[in-house]
Every structure is written in C-alpha cells, then in structure tokens.
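Report on the structure given below.
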Amino acid sequence: MKRLGAVITAALLALGGAAMAEAPEASKRPALRGGETLVVALLSAEHRPKARPVPAALKSPGRPRARPLSRPIPVAVQEGKEAPKMDGRMRDLAAGVFVGRAPGAAVGEMPKLALARPAKRPPAALEDTKTVRLFFAAAGPRPSTRPEDMARIIKAIEAQRKVTPVEVRFTRKGSICGERSIKGKSVKPIAGKLRGCGVADPVRITSVQGVALSTPAVMDCGTAKALDSWVRKGLKPAFGRKGGGVEKIKVAAHYSCRTRNNKKGAKISEHGKGRAIDISGIYLKNGTLVTVLKHWRSKAYSAALKQAHKAACGPFGTVLGPNADRYHQDHFHFDTARYRSGSYCR
C-alpha cells in the first residue's frame, strides 16, 4: 500500500509541474469579432445625445443646473458603422451630467442617498431670523433732528471765527515810523501853498500789516500808526475770511492842500496837514472789490463795512462815512485830529 501511494504522489507532482511550466505570464485578450477594427470616435455636437430632463424630485429653486461638458466624450465605435445606442448612464456622461446608480438598479433609477439635501428650515427659525434682522435695523444710528435755533448757532460759530488774526512778524527792511508792520519811506518836508498846509516830517506809506495801499499815501507817522492799528484790530477782523481775507486798500485821497470839502473860505482840511486818509473800497484776495458806495447797504458786505467803520473810532479822532453827510457817500474819511470831547464818529 505504501508503494502504491508513493507512485500516485509522484504522478501528481509530475502533472502539476508540467501545468505550471506551461502557464502563460498574462491571460490572452479576446480577438475582435469578424476581424473588424475598433476605433474611438469623438462625437461632434450634432451626434452628441441630449441630456435627460432632471426628475421633478431633484429640482429646487436654489440648486444650480448642471453645466454641460465643454469637451466631447470618446465613444467606442466599430469601423464603418454608426454610433451605438447608449444606455441612460452613458447618455448622462455624454451630456455632461453624472448620475450615480446603485449596483443592480434600473436605468434612470436614483439611489435614495445619492443626492442628499438639507432639510427645509422650520418656520420658527425663519421668524427668529426676521426678529434678529429687525433688531439690528432698529439699533442703527439715526441722524439727529436739526435744532430750532440752528441759525443762532451758525452765527455764533461765525462770530468765533472773526477773531483777531495771528500776529504776523515783519522784517525791518522797508519799515518806517519805528513799526515793522508799516512799510514806506521818508520824504522831504512839504510846504503848503495855502496858509496852514504842509507836513514837517512826511512819509509815503505803501502797506500796513501786510495790506497794500492802492496808491502810496503821504501822511505823518501819527496817522500812519493809526492806520496800522485800525487794519490790525478793525479791518481784518471785520472781513475775516470773506473772499479769502483783505488784500488791498483802495485809497481815494491822502495829502492834499485844500479846505474842508473844497469850500472857499472854509478851514484847512486835515488832508492839508498830512493827518487824513480817505478810503473808498477794500480789495479781497479773491479779486472782489467791496466799495463804500455800492456795498454800504448790501446784504453781503454791509455788516463788514459798518464794523470796520466803527472800529476806526478810537485810533482816529474823526471818522466819517455814508451816514455823516452827502460828501461821504462813497468813502470813509479818517483823520487824527483830536478834540477835547473825544473822537467824532459819524
């Protein structure tokens, strides 16, 4: 028995070794039927099948529709024959829509968990959201109502702006009368043609406090200092920032040997003594010319002109304007004549 078993074992080993020796390295591929050649054709737009309509169960207002593929889909076609009919899955791929199917499911049947969607928000949650939004809208800042006395507040702010400008430092170059802010030069003594006229120490002023004179004015140093003080404390604050500020003074008259108002037999005017200056207007930095004749009663510049006129009463002994008489409707007359009763201002 033992001998018989050994013989059977040897026979089996021989058969197994032959089988293993003849086993191929890789399985053979099946040959094409009928010797036909299989090629890959790219479907053009006209041969590409249309996408299947999406089932109604998958439609929703907020879900974007699938976008078709921009590249053609390769499909295996036998040479000399038309494109094969494709099942639902291949049709979806060709149209650019991929729909998964569970193994064994029918064509077009969708798995229950393939396209899971979030549950609709309950009505209570929507009500809470509206409540929160309304809360934030109500908490936003709102513009305050305009105060009833807004006009008074604006006037107060403008009054604060009309303060004395910051002192400007002037150099000694060109200064006269011991004041750096007065620019000009000394001239020879002037002898009058009429009795009482003339100036012993005249100066020709070109600017005061950085404000130019339209024409150099001849006067004595006392009058020049009064003019300098008025421009700094009266004229500049009166106009403030209107038109960018004061640029130049329009001079109507300065030294002139004549009688008062050019009347025969009248006393010698302060102009004939170098103690007076007549001003007919103010040039602003934006080019505006504010004149006494046109703007004394205007809405735009009346307040500024009247304030400047009033401020001259003090530095000057005599201050005359449109309210004085018919001779001063178009200019201010300032002179440094002194009276026991004080300054004369009209």
Side-chain angles (χ1 to χ4, degrees), residues 157-187 199 201-255 271 274-296 300-319 321 330-336 343:
I157 294 174
E158 291 180 351
Q160 291 178 358
R161 291 179 177 177
K162 294 179 180 180
V163 296
T164 303
V166 179
E167 292 290 340
V168 180
R169 293 184 178 181
F170 300 96
T171 61
R172 292 182 179 180
K173 184 178 181 180
S175 62
I176 197 70
C177 297
E179 298 290 340
R180 293 187 179 185
S181 57
I182 303 176
K183 303 297 182 181
K185 63 180 181 178
S186 299
V187 295
V199 185
D201 297 310
V203 291
R204 182 176 282 109
I205 305 301
T206 57
S207 70
V208 290
Q209 290 294 323
V211 177
L213 303 185
S214 61
T215 182
V218 176
M219 61 190 75
D220 60 14
C221 280
T223 306
K225 289 180 180 180
L227 181 63
D228 179 79
S229 177
W230 171 71
V231 170
R232 178 172 61 88
K233 298 180 180 180
L235 181 62
K236 284 186 175 181
F239 280 87
R241 299 180 181 178
K242 288 182 178 292
V246 177
E247 177 72 16
K248 185 167 55 176
I249 296 173
K250 186 175 182 180
V251 178
H254 47 102
Y255 173 80
H271 286 281
R275 300 177 184 172
I277 183 172
D278 289 350
I279 297 173
S280 61
I282 306 296
Y283 289 94
L284 303 181
K285 291 183 179 180
N286 65 356
T288 302
L289 172 59
V290 182
T291 64
V292 177
L293 180 63
K294 294 182 179 179
H295 298 99
W296 177 255
Y301 300 103
S302 176
L305 286 173
K306 291 178 179 179
Q307 182 180 341
H309 175 270
K310 183 178 180 180
C313 192
F316 294 98
T318 305
V319 177
D330 60 352
H331 69 277
F332 294 153
H333 169 85
F334 301 154
D335 68 51
T336 53
S343 298

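Note: hydrogens, waters and symmetry copies are ignored here, and every other heavy atom, side chains too, is used. Residue indices begin at 1 and follow the sequence shown.
Qualifying ring-ring contact (aromatic ring centres under 6.0 Å, His included) partners for F334, counting only residues two or more places apart in sequence or in other chains: W230, F316, F332. Judged as a ring-ring contact (aromatic ring centres under 6.0 Å, His included), and not counting sequence neighbours, the contacts of H331 are H328. Considering only residues two or more places apart in sequence or on other chains, P216 meets the side-chain contact (heavy atoms from CB on, under 4.5 Å) condition with R204, T206. Here S302 pairs with K306 under the side-chain contact (heavy atoms from CB on, under 4.5 Å) rule; sequence neighbours left out.
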Open item on the list: Walk me through whether L305 and F239 qualify under side chain to side chain contact (heavy atoms under 4.5 Å, CB included).
Closed with: CA-CA 8 Å; L305 286 173; F239 280 87; 4.0 Å; yes
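Rounding to the nearest 0.5 Å places NZ of K233 at 10.0 Å from CG of D228. For the atom pair CD (E247) and CG (L289), the distance works out to 12.5 Å, reported to the nearest 0.5 Å. Between T288 atom OG1 and H295 atom NE2 the span is 8.0 Å, to the nearest 0.5 Å.
Residues A224 and I182 share a closest heavy-atom pair of O-CD1, 3.8 Å. Closest of all the heavy-atom pairs between G274 and T223 is O-OG1, 3.5 Å. Nearest heavy-atom pair across A226 and T336 is CB-CG2, 4.0 Å. When every heavy atom of P315 is checked against every heavy atom of S229, the shortest pair comes out as CG-OG, 4.3 Å. Closest non-hydrogen pair, K236 versus V211, comes out as CE-CG2, 3.6 Å. Contact record, G234 with A311: CA-CB, 3.5 Å, taken as the closest heavy-atom pair.
Looking at I249 and L213, their side chains come closer than 4.5 Å, going by heavy atoms from C-beta outward. Between L235 and Q209 there is no side-chain heavy-atom pair separated by less than 4.5 Å. Taking the side chain as every heavy atom from C-beta outward, T291 and D330 never approach each other to under 4.5 Å.
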Would you list the atom pairs, donor with acceptor, under 3.5 Å between side chains in residues 275-282 and any protein atom, with sequence neighbours excluded?
unit_1: D278; atom_1: OD1; unit_2: H271; atom_2: NE2; d: 3.1
unit_1: D278; atom_1: OD1; unit_2: H333; atom_2: ND1; d: 2.9
unit_1: D278; atom_1: OD2; unit_2: H271; atom_2: NE2; d: 3.2

Kindly list each side-chain donor-acceptor pair under 3.5 angstrom involving residues 170-178, sequence neighbours excluded, with atom names and distances?
unit_1: S175; atom_1: OG; unit_2: R172; atom_2: O; d: 2.6

